[in-house]
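Computed from a predicted structure; not experimentally measured.
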Amino acid sequence: MSFPNMTPPMGGIGGGPNMQGMSEQEQMMVKGMHAAMESCPFKTVMSGGMGFALGGVFGLFMASMSYDSPLTPQGRQIADLPWRQQLRHGFKDMGARSWSSAKNFGIVGALYSGTECCIEGLRAKNDLTNSVSAGCITGGILGAKAGPQAAAWGCAGFAAFSAAIDAYMRMPGDEE
């Protein structure tokens with residue numbers, strides 16, 4: 001959305017000519033903030049933090065859905081407890097699952113984002129190869145504890161998923 005007689009605050013990388021009206025100190029601050037936001041450590045921390053938050057919400061949701069039936073052995077055990085103990089047990093379990101899921105999503109987000117950013121910096125290109133390579137490396141690292149076969153499957157699976165998501169994100173949009 002643009003307004004008449006308004007220029008964007010930053011024209012390209014590093015500011016550019018659209019920073020008229022700013023003092024030299026303000027221009028340096030804008031350039032510094034832009035450089036920091038484009039850095040690999042910042043992207044890694046942001047992706048890890050966002051993954052942590054998303055994982056926490058996802059874990060909370062999945063944990064809340066696991067007590068929907070008293071037909072399971074776990075559901076029967078909980079159904080036999082007094083109401084307060086049921087509530088305490090449910091909240092404690094939801095917190096533990098949410099924390100676990102948040103940590104896992106945060107690690108995956110930070111690992112993938114940091115790897116992709118480093119690959120992009122080394123190749124000096126922003127294309128599908130970066131995301132596929134980062135996906136392969138991330139999947140391989142995550143599957144390495146289970147052995148070489150799991151690392152290979154993790155590499156292939158993450159690379160395919162990364163390729164699909166990146167290809168979808170690069171599709172031309174419905175610009176109207």
Side-chain angles (χ1 to χ4, degrees), residues 1 33-122 126-174:
M1 175 182 235
M33 287 191 301
H34 184 67
M37 290 199 298
E38 288 295 319
S39 70
C40 285
F42 181 82
K43 287 180 178 179
T44 302
V45 169
M46 280 299 292
S47 295
M50 295 300 285
F52 185 86
L54 180 66
V57 170
F58 181 75
L60 188 64
F61 174 73
M62 294 306 289
S64 69
M65 299 301 285
S66 68
Y67 299 111
D68 61 348
S69 174
L71 301 176
T72 63
Q74 184 181 16
R76 273 181 285 196
Q77 283 179 336
I78 293 172
D80 293 338
L81 295 174
W83 184 81
R84 281 184 180 235
Q85 284 183 326
Q86 288 180 21
L87 201 59
R88 185 178 306 134
H89 178 74
F91 282 142
K92 189 181 222 181
D93 188 46
M94 286 169 67
R97 287 191 196 190
S98 182
W99 177 255
S100 174
S101 183
K103 285 192 307 184
N104 291 335
F105 274 59
I107 289 168
V108 170
L111 184 60
Y112 176 80
S113 179
T115 305
E116 184 182 33
C117 188
C118 289
I119 291 171
E120 184 178 324
L122 288 173
N126 184 355
D127 60 4
L128 191 63
T129 304
N130 295 344
S131 58
V132 170
S133 301
C136 180
I137 291 169
T138 301
I141 290 171
L142 294 174
K145 284 185 181 179
Q149 188 176 12
W153 278 106
C155 170
F158 246 92
F161 182 72
S162 298
I165 295 297
D166 201 358
Y168 176 76
M169 295 299 285
R170 291 177 187 270
M171 285 181 9
D174 297 331

Does the SG-to-SG distance between Cys40 and Cys118 fall under 2.5 Å?
-> no

Determine whether Phe52 and Phe105 make a side-chain contact, defined as any pair of heavy atoms from C-beta on separated by less than 4.5 Å.
-> no

Pairwise distance CG(Asn130) to CG(Leu122) - rounded to 0.5 angstrom = 9.5 Å

Val108 side chain reached by Phe158 side chain, heavy atoms, under 4.5 Å | yes

Heavy-atom nearest pair, Val132 first then Ala159, reads O-CB, 3.6 Å

Within a strict 4.5 Å, meaning less than it, do heavy atoms of the Tyr112 and Ser162 side chains meet?
-> yes

Using modelled atom types only, decide if a donor and an acceptor are shared between the side chain of Thr138 and the backbone of Ala134 within a distance under 3.5 Å.
-> yes

Between CZ of Phe91 and OG of Ser98, what distance do you get to the nearest 0.5 Å?
-> 12.5 Å

Inspect the surroundings of CZ in Arg170 and state if more than 12 heavy atoms from other residues, nucleotides or ligands are less than 6.0 Å away.
-> yes

Drop me the distance from Leu60's CG to Trp99's CH2, to the nearest 0.5 angstrom.
-> 14.0 Å

Roughly how far, to the nearest 0.5 Å, is the CH2 atom of Trp83 from the CZ atom of Arg88?
-> 11.0 Å

Pairing of Glu116 and Lys43 as salt bridge, 4.0 angstrom limit | no

Rounded to the nearest 0.5 Å, what's the gap from OG on Ser39 to NE2 on His34? Could you check?
-> 11.0 Å

Going by heavy atoms in the side chains, are Gln85 and Pro82 under 4.5 Å from each other?
-> yes

In Å and rounded to the nearest 0.5 Å, what is the OG to CG distance from Ser64 to Asp93?
-> 10.5 Å

Are Ile119 and Thr129 close enough that some pair of their side-chain heavy atoms sits under 4.5 Å apart?
-> no

Decide yes or no for Ser101 and Met62: does some side-chain heavy atom of the first lie under 4.5 Å from some side-chain heavy atom of the second?
-> no

Give the C-alpha distance, both sets of side-chain angles, the deciding distance and a yes or no for side-chain contact (heavy atoms from CB on, under 4.5 Å) between Leu111 and Ile137.
-> CA-CA 9 Å; Leu111 184 60; Ile137 291 169; over 6 Å; no

Qualifying residues under side-chain contact (heavy atoms from CB on, under 4.5 Å), relative to Ala110, sequence neighbours excluded = Thr44

